[in-house]
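Have a look at the structure below, then the notes.
To find a chain, count down the sequence lines: A is the first, B the second, and so on, and within it residues start at 1.
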Amino acid sequence: MLHLYNTLTRKKELFESIEPQHVGLYVCGITVYDVCHVGHGRVMIVYDVLYRHLQAMGYMVNFVRNITDVDDKIIRRAAENNLSPQALAQQYIDEMHADERALHVLPPTHEPRATDSIESMVRIIGKLIESGHAYAADNGDVFYSVSSFAEYGKLSGRKLADLRVGERVAVDEHKRDPLDFVLWKSAKPSEPSWESPWGAGRPGWHIECSAMSMDLLGEEFDIHGGGMDLEFPHHENEIAQSEALTGGTFARYWMHNGLVRIDDEKMSKSLNNFLTLKDVLKLYSGEEVRTFIIGSHYRSPLNYLTESLDAARTALRRFYTALRPHTISDSPSDDQMDASYVERFDAAMNDDLNTPEALAVMHELTSALNKLDDAGEPTRLANTLSYLGGRLGILQMDADTVLKGEADESGLSDKAIDALIEERQQTRASKDFKRSDEIRDELAAGGIVLEDAGGKTIWRRG
RNA sequence: GGCUGAGUGGCAGAGUGGCCAUGCACCGGAUUGCAAAUCCGUUUACCUCGGUUCGACUCCGGGCUCAGCCUCCA
């Protein structure tokens with residue numbers, strides 16, 4: 001019984017899919033004119049967790065996450081770098097995929113590019129003009145007429161009269177109403193363009209999501225997600241275009257994730273205070289970043305704090321330390337797991353993806369696992385912990401490998417460490433504790449921590 | 001100005017009308033040659049003012065503060 005908070009109704013609602021056992025999910029992806037920042041990482045991870053949870057519930061999920069590969073900023077950046085817009089976009093698409101892999105984000109079912117759906121956009125725009133919802137200006141731009149759609153504002157809860165038009169941005173003289181937005185932009189000579197009944201041009205931003213989602217999910221689908229900053233105007237405009245076109249409902253459930261802050265200030269490209277995923281991934285593993293992000297609820301603002309990233313690192317170390325001595329089944333059956341923890345985990349996830357609560361269940365499970373001796377069937381709990389980690393996209397690596405980490409260039413090799421540990425064992429056996437402690441200090445200076453357990457010594461980095 | 005949403009212990013962060021979140025940090029203890037890891041225990045809380053109630057951090061109302069959107073933005 002999954003409940004999701006629906007921005008349309010401002011309430012948590014029971015999720016019911018249009019078709020039993022199938023879910024259509026559309027997420028606004030990235031405009032590829034620069035490398036991804038932590039905010040993009042949050043979107044990737046939040047909807048990846050939703051995707052995994054829906055699949056775990058038994059749904060066949062058609063997950064579409066688009067790529068915006070034609071846009072003013074792409075054109076400008078490409079010109080600055082003497083690249084074609086296509087080449088620039090491709091470069092950042094590759095970078096984005098590398099970031100996603102590092103964060104253990106599953107590929108969506110479809111990853112359409114705006115430029116592959118131009119025909120659909122032109123078709124939709126044509127129909128909107130026919131039905132009086134859009135008009136072509138004499139300069140070749142086509143605008144959507146906001147006043148033609150009676151329900152405009154229903155997602156973001158605003159009334160047309162309340163919007164502060166022109167306060168921050170000059171109003172385009174070609175618009176009949178200042179709130180009208182562009183569907184088709186006439187192209188300047190050097191820009192990428194496509195032929196249309198209104199002359200050579202390129203699509204506006206909002207229309208592409210309507211076209212791609214309808215192409216791949218149909219006119220009405222289950223869930224539409226994206227960052228909170230897209231709620232207005234982007235998603236409001238998507239609804240206006242799509243529902244004016246079809247006369248029906250566009251997306252049933254609208255989900256919006258909270259924004260990432262840094263030093264308690266909004267992170268954005270225009271403020272130039274954004275932290276790129278690549279920079280963060282130099283300091284923390286993808287799994288650590290992921291754990292940090294699911295450590296708060298997806299609708300809350302998330303402040304990037306070194307302390308919080310460190311806490312995520314410590315939490316993962318605790319999980320992996322508990323798993324380390326056990327042999328884990330890759331896909332454990334129900335009777336190889338402890339149902340009570342799985343139930344509590346599911347209950348948390350079904351409550352609008354309460355991942356912090358889900359992690360709390362995993363921590364309690366870890367405590368229980370650490371308390372058990374061999375007679376208490378610790379493997380069951382270890383399997384459960386590993387399984388639940390997988391549900392969130394973490395804990396899927398070999399514990400020993402993760403905890404040992406990788407030697408940096410100047411660091412001690414695994415072989416050298418093993419040799420020192422062997423020497424320490426001998427000095428300890430002969431009660432030469434002065435020397436054995438020297439060895440341990442030496443290793444500690446190289447970031448190696450020793451743990452003596454059950455007559456054996458194991459080690460980890462960091 | 002309009003529309004959203006939020007205010008929880010040293011930090012992060014859930015949740016509930018009356019009983020413990022959880023993790024990290026701190027303190028005490030167990031274990032250890034000493035550590036590490038682990039376990040046990042203790043400490044610190046619910047912005048403010050009213051109201052409802054036997055009882056509110058939890059419900060209702062006012063106030064204060066903060067954030068997002070109203071411009072491109074995930």
Lys/Arg cation over aromatic A/Y298: A/R42, 6.0 Å, 45° cone: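 Judged by the rule, A/R42 and A/Y298 form no cation-pi pair.
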Axial cation check for A/Y5 ring with A/K12, 6.0 Å and 45° limits: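 Judged by the rule (NZ or CZ under 6.0 Å from the ring centre, within 45° of its axis), A/K12 is not positioned above A/Y5.
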Whether A/H40 and A/H37 hold their rings parallel, tilted or perpendicular, with breakpoints at 30° and 60°: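 Parallel.
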Parallel, tilted or perpendicular, as decided by the 30° and 60° cut-offs, for the rings of A/F250 and A/F221: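 If you compare the ring of A/F221 with that of A/F250, the planes turn out perpendicular.
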Touch class at under 4.0 angstrom, heavy-atom based, for A/G29 against every strand present: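 Sugar-phosphate contact only - A/G29 comes under 4.0 Å of backbone atoms but never of a base.
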Out of [options], whichever nucleotide has its closest atom nearest the side chain of [X]:
{"X": "A/R158", "options": "B/C39, B/C34, B/C69", "answer": "B/C69"}
{"X": "A/E364", "options": "B/C39, B/U22, B/A74", "answer": "B/U22"}
{"X": "A/R10", "options": "B/A14, B/A36, B/U4", "answer": "B/U4"}
{"X": "A/N370", "options": "B/U38, B/A12, B/C34", "answer": "B/U38"}

Whole-angstrom distance between B/A36 and B/A30, as gauged at atom P: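 One P to the other, the span is 14 Å.
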Side-chain donor/acceptor contact of A/N354 with base of B/G15 under 3.5 Å: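 When only heavy-atom distances are counted, A/N354 does not reach the base of B/G15 through any donor-acceptor pair under 3.5 Å.
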Pairing partner of B/G1 (Watson-Crick or G-U wobble, both distances under 3.5 Å):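 Checking every strand shown, B/G1 finds its partner in B/C70, with both distances under 3.5 Å.
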